[in-house]
2 protein chains.
Amino acid sequence: MRIGELSERTGTPRRLLRYYEEQGLIAADRAANGYREYDERFVDRVLQIRGLLDAGLPTRIIKQILPCLDKPRTIYFPDATPQMLATLRHEQDRMSERIRCLTRNRDAIGEYLDAVLDYQHAGNKETPDHHSRPPEPAAD
Amino acid sequence: MRIGELSERTGTPRRLLRYYEEQGLIAADRAANGYREYDERFVDRVLQIRGLLDAGLPTRIIKQILPCLDKPRTIYFPDATPQMLATLRHEQDRMSERIRCLTRNRDAIGEYLDAVLDYQHAGNKETPDHHSRPPEPAAD
DNA sequence: CTTGACCTTCACATCAATGTGAAGGTTTCA
DNA sequence: TGAAACCTTCACATTGATGTGAAGGTCAAG
């Protein structure tokens, strides 16, 4: 497929697909006319990249961890230098730290939402100033 | 404490502490001479902000979720507008998505590292070109 | 052959987070 | 009093991830 289709299927602007390529995250084949040519595997790959970017990893790091994630291993163990392994372990730790932080805060939001729900179920009205809407019209 | 101590205790440049204040994430008291004055609670607060920033949340969002996270509730339930609750739920979902992505990729890194370990334990030498170092000197 | 929908590269703009430094006030200590 | 180590605001620079548009090549359909 060409860049337009990959763009649609991943919800990613063409501009960014070219940017990811420039950063070494994906490498597209070229058709005779110079157009980029992608196969199916790029859909997941791009979604993975976007997820990691959204989770706070910079392209420089994503570039390093992506090759280890291929199902049929494209990177062979003998190629793993000690400092590359150290980098991977370090990033693993950072990711765990992010997960902890996100989990803790997400759960705290959940607790707050639950408390609000309790409060409202206890028969309290919402603030009248903040144009409010009944949570459930209760299907008359 | 003043900004220098908070900076040291949180590992955060003074510049950024002022930036977070400018963005409405923290509000410092002022001493008579204009110096910012922080109490103990700011240490955790700043670390929390940094964690969320590192996990990919922008200050604009952090500002919205922070007030819900205080232990003695500083935000009262009646103040919660429906659209604010919707925002919270939406961010909760985004955080869960980030957690899923990070977890999946972190575990995949783990699998790769385990595979490398297996490979090396199986008696294979690392690439001789990449100046390598024995994983464990094995305490002679 | 022309039009429209693709594609290419190049380049400049923006936004948020952060770095850095200038110019100047305050506090502390010798 | 003067130097050192704080603090203030203001402002410009940088970096990474993006937006946007220009100038032009390709290709399928009318």
Side-chain angles (χ1 to χ4, degrees), chain A residues 1-39 42-43 45-66 91 94-95 97-98 101-102, chain B residues 1-39 42 45-66 91 94-95 97-98 101-102 105:
Chain A
M1 82 191 79
R2 283 173 311 187
I3 202 171
E5 185 180 344
L6 183 60
S7 168
E8 280 195 358
R9 289 177 60 183
T10 61
T12 306
R14 289 148 232 252
R15 168 75 175 84
L16 287 187
L17 294 175
R18 300 195 183 100
Y19 174 69
Y20 299 155
E21 176 175 328
E22 185 184 307
Q23 300 301 307
L25 302 186
I26 51 182
D29 285 346
R30 295 301 181 119
N33 54 12
Y35 289 10
R36 287 171 179 81
E37 194 60 41
Y38 303 93
D39 66 52
F42 280 88
V43 176
R45 167 68 59 119
V46 168
L47 291 176
Q48 188 175 31
I49 290 170
R50 303 224 90 201
L52 290 172
L53 276 173
D54 185 58
L57 281 78
T59 55
R60 174 179 41 89
I61 299 298
I62 296 175
K63 179 180 177 177
Q64 297 194 281
I65 70 179
L66 268 186
E91 287 308 318
R94 283 177 56 87
M95 292 167 82
E97 186 48 50
R98 272 183 262 249
C101 178
L102 285 170
Chain B
M1 83 192 78
R2 284 173 308 185
I3 202 172
E5 184 179 345
L6 184 61
S7 169
E8 280 195 357
R9 290 177 58 182
T10 61
T12 306
R14 287 149 233 251
R15 169 73 177 85
L16 288 187
L17 294 175
R18 299 195 184 100
Y19 174 69
Y20 299 154
E21 177 174 325
E22 185 183 308
Q23 298 302 306
L25 303 186
I26 51 181
D29 286 345
R30 295 300 181 120
N33 53 15
Y35 290 10
R36 288 172 178 81
E37 194 60 40
Y38 304 94
D39 66 52
F42 280 89
R45 167 68 60 118
V46 169
L47 291 175
Q48 189 176 28
I49 291 170
R50 302 224 91 200
L52 290 172
L53 277 174
D54 185 58
L57 281 77
T59 54
R60 173 178 42 89
I61 300 298
I62 296 175
K63 178 180 178 177
Q64 297 193 280
I65 70 179
L66 267 186
E91 287 308 318
R94 283 177 57 86
M95 291 167 82
E97 186 49 51
R98 272 183 262 250
C101 177
L102 285 171
N105 284 284

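A, B, ... follow the sequence lines: proteins, then strands. Residue 1 opens every chain. From a predicted model like this one, the values you see are computed outputs, not experimental measurements.
Place B:Arg60 and A:Gly34 on DNA chain C by their nearest nucleotides, and A:Gly34 ends up nearer the 5' end.
Rounded to the nearest 0.5 Å, atoms CG (A:Asp39) and CZ (A:Arg45) are 10.5 Å apart. To the nearest 0.5 Å, atoms CD (B:Glu22) and CG (B:Leu16) are separated by 11.0 Å.
Counting any heavy atom pair closer than 4.0 Å across all strands shown, B:Arg36 reaches sugar-phosphate atoms only and no base atom.
Contact annotation: B:Thr59 reaches the phosphate of C:dA17 (side-chain N/O to OP1 or OP2, under 4.0 Å). OP1 or OP2 of D:dT18 lies within a sub-4.0 Å distance of a side-chain N or O belonging to A:Tyr20. Using a 4.0 Å cut-off, no side-chain N or O of A:Arg14 falls inside it from OP1 or OP2 of C:dA5. In terms of phosphate contacts, B:Asn33 brings a side-chain nitrogen or oxygen within less than 4.0 Å of OP1 or OP2 of C:dT27. Taking only side-chain nitrogens and oxygens, B:Tyr19 never comes nearer than 4.0 Å to OP1 or OP2 of C:dT18. For the OP1/OP2 pair of C:dT8 and a distance below 4.0 Å, the side-chain nitrogens and oxygens of A:Arg18 include at least one atom meeting the criterion. Taking 4.0 angstrom as the limit, B:Arg30 places a side-chain polar atom (N or O) nearer than this to OP1 or OP2 of D:dT9.
For the pair B:Arg2 CZ and C:dT27 P, the interatomic distance rounds to 9 Å; values are reported in whole Å. Separating the CG atom of B:Asp54 from the C1' atom of C:dA16 is a distance of 15 Å, rounded to the nearest angstrom. Following rounding to the nearest Å, A:Glu5 (CD) and C:dA5 (C1') show an atom-to-atom distance of 15 Å. Between the OH atom of B:Tyr35 and the P atom of D:dA5 there is a distance of 14 Å, rounded to whole Å. In this structure, B:Leu25 atom CG and C:dA16 atom C1' are separated by 12 Å, rounded to whole Å. B:Arg15 places its CZ atom 9 Å from the C1' atom of C:dA17, with the value rounded to the nearest Å. The interatomic distance linking A:Ile61 (CD1) with D:dT15 (C1') rounds to 15 Å, in whole Å. In this structure, CD of B:Glu21 is placed 17 Å from C1' of C:dA17, rounded to the nearest angstrom.
At distances below 3.5 Å, at least one donor-acceptor pair connects side-chain atoms of B:Ser7 with backbone N or O atoms of B:Thr12.
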Salt bridge (Lys or Arg N to Asp or Glu O under 4.0 Å) assessment of A:Arg30 paired with A:Glu21
CA-CA 12 Å; A:Arg30 295 301 181 119; A:Glu21 176 175 328; 3.3 Å; yes
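A:Arg60 and A:Glu91 are not joined by a salt bridge, as no carboxylate oxygen comes within less than 4.0 angstrom of a charged side-chain nitrogen.
When the nucleotides C:dT18, D:dC7, D:dT18 are ranked by their closest atom to the side chain of B:Leu53, C:dT18 comes out on top.
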